[in-house]
Amino acid sequence: MSATADSRHRVRVAPAHPEAAAVLSSWARQGDSLLDAAELDLSHADLSGLDLAVGLLTGTVLRGARLVGTDLYRAHMEEAVLEGADLSRACLTKAVLDEADLRGAVFVEANLGSAELYGVDARAASFRGARLNGASFLDARLEGADLTGASVRETSLKAALDDRTRVAGLTGTVLGPARLEGSGPSRELAGSALEEWLNHRGAAVQVLGSRTGARTDSHTDSRTASRTDGAADNVRSRPFPPAGTPSTTPTSTSSAR
């Protein structure tokens with residue numbers, strides 16, 4: 001295993017939970033396997049710069065963890081707990097985060113191209129400068145979230161917003177409708193009303209359309225849009241390895257528990 005490949009599997013700070021620490025240690029020694037840490041407690045671990053592409057992190061607790069520059073391409077993170085985690089500059093392209101807890105998480109300059117974010121709770125999360133092209137925020141909570149300077153292209157923004165949601169410098173195109181929450185009853189923002197609400201707060205966004213319907217229909221619509229998005233941003237990118245370094249393709253999976 002090359003020095004670069006080894007660095008992509010070197011855990012900086014192991015989690016306190018013994019089983020989780022043992023699983024990470026075993027995975028790091030194998031070097032070419034996919035990580036299966038489903039439902040383990042990795043709270044406050046430092047997994048920055050690791051290659052966790054296509055990893056199994058379903059239901060994994062990553063509260064307060066550091067995943068700066070981590071490769072989470074196509075990772076399965078359904079119902080994961082990422083409250084207060086730092087995922088700055090991480091690659092989450094095509095990752096599945098349905099119903100994950102993202103409260104207060106940091107996604108500064110992260111790539112969430114075509115990521116699936118159905119039902120996520122991202123209140124007070126930071127997406128400053130993030131690439132959200134083709135991402136699917138369906139039935140998501142974005143109250144108090146920071147989308148300053150983020151880019152969107154055919155991004156589904158069927159989410160709850162409020163007056164604390166920051167959108168200055170948000171650019172691109174979105175699909176509504178969104179739901180505006182506040183002190184009174186919530187109200188739907190669709191089409192030109194959503195566009196006006198966003199752009200009045202410093203965004204430069206075009207709302208392409210808005211449809212209402214059951215979860216199944218809207219979820220399918222968004223996934224279809226994500227698959228057909230041809231943006232270069234939505235291909236896998238590894239932020240940390242130096243140019244010219246050959247990549248290591250995982251060839252095996254860890255055993256299911």
Side-chain angles (χ1 to χ4, degrees), residues 77-80 82-83 87 92 95-108 110-226 229:
M77 305 177 74
E78 298 95 327
E79 299 183 356
L82 288 154
E83 182 181 5
L87 296 97
L92 292 122
V96 183
L97 295 109
D98 292 347
E99 300 183 340
D101 182 353
L102 310 181
R103 289 176 296 169
V106 177
F107 295 91
V108 173
N111 188 349
L112 289 95
S114 294
E116 297 181 20
L117 297 138
Y118 171 81
V120 299
D121 187 346
R123 286 176 291 174
S126 176
F127 297 92
R128 293 179 69 92
R131 284 172 284 175
L132 306 174
N133 303 318
S136 305
F137 286 98
L138 298 172
D139 289 347
R141 300 196 65 175
L142 289 170
E143 299 103 307
D146 188 353
L147 303 172
T148 302
S151 63
V152 288
R153 179 160 54 247
E154 296 185 10
T155 299
S156 294
L157 195 62
K158 300 177 181 180
L161 313 172
D162 67 7
D163 287 334
R164 297 170 298 130
T165 306
R166 285 172 278 181
V167 296
L170 181 69
T171 59
T173 55
V174 299
L175 294 152
R179 188 175 73 255
L180 184 61
E181 300 289 352
S183 55
S186 63
R187 62 188 179 94
E188 183 178 283
L189 290 175
S192 59
L194 176 57
E195 190 170 297
E196 180 180 356
W197 189 90
L198 292 169
N199 294 343
H200 180 71
R201 287 162 175 77
V205 168
Q206 178 186 2
V207 176
L208 298 179
S210 56
R211 292 190 293 252
T212 58
R215 168 188 170 177
T216 303
D217 295 338
S218 60
H219 204 193
T220 302
D221 289 345
S222 176
R223 291 189 182 196
T224 301
S226 297
D229 190 311

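Below, all heavy atoms of this structure are taken into account, side chains as well, without hydrogens, waters or symmetry copies.
Side-chain contact between Leu147 and Leu132 is present, with at least one heavy-atom pair separated by less than 4.5 Å. Taking 4.5 Å as the limit, some side-chain heavy atom of Ser156 sits within range of a side-chain heavy atom of Leu138. By the 4.5 Å heavy-atom criterion applied to side chains, Val205 and Trp197 are not counted as neighbours. Side chains of Leu97 and Leu102 form a contact here, defined as non-hydrogen atoms less than 4.5 Å apart. Counting heavy atoms from C-beta outward, Leu87 and Leu82 have side chains that approach closer than 4.5 Å.
Under the side chain to side chain contact (heavy atoms under 4.5 Å, CB included) criterion, Ala145 pairs with Leu142, sequence neighbours left out. Residues passing the side chain to side chain contact (heavy atoms under 4.5 Å, CB included) test with Ala160, sequence neighbours excluded: Glu143, Arg179, Glu181. Partners of Asp146 according to the side-chain hydrogen bond (donor to acceptor under 3.5 Å, both in side chains) rule, which considers only residues two or more places apart in sequence or in another chain, are Arg128, Thr148. Asn199 pairs by the side-chain hydrogen bond (donor to acceptor under 3.5 Å, both in side chains) definition with nothing, not counting sequence neighbours.
Here Glu83 contributes atom CD and Arg123 contributes atom CZ; the two are 9.5 Å apart, rounded to the nearest 0.5 Å. In this structure, OG in Ser192 is found 12.0 Å from CD in Gln206, a value given to the nearest 0.5 Å. If you take OG1 on Thr155 and CG on Leu112, they are separated by 10.0 Å, rounding to the nearest 0.5 Å. Rounding to the nearest 0.5 Å places OG of Ser136 at 11.0 Å from CG of Leu157.
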Q.
Test side-chain contact (heavy atoms from CB on, under 4.5 Å) on Asn133 and Ser151; report intermediate values, then the result.
A. CA-CA 7 Å; Asn133 303 318; Ser151 63; 3.8 Å; yes

Q: Check step by step if side-chain contact (heavy atoms from CB on, under 4.5 Å) holds for Ser126 and Val108.
A: CA-CA 6 Å; Ser126 176; Val108 173; 3.6 Å; yes

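Legend: side chain to side chain donor-acceptor pair (under 3.5 Å) pairs involving residues 164-175, not counting sequence neighbours, sorted by first then second residue: Asp162-Arg164, Asp162-Thr165. Among residues at least two apart or in separate chains, there is no salt bridge (charged side-chain N to carboxylate O under 4.0 Å, His left out) pair with a member in residues 190-200.
Ring orientation note: the planes of Phe137 and Phe127 are nearly perpendicular, at an angle over 60° on the 30°/60° scale.
A side-chain donor-acceptor contact under 3.5 Å links Asp98 to the backbone of Tyr118. The closest donor-acceptor contact from the side chain of Asn111 to the backbone of Leu92 lies at 3.5 Å or more, if one exists at all.
Nearest approach of Leu194 to Gly176, heavy atoms of both residues: CD2-CA, 3.9 Å.
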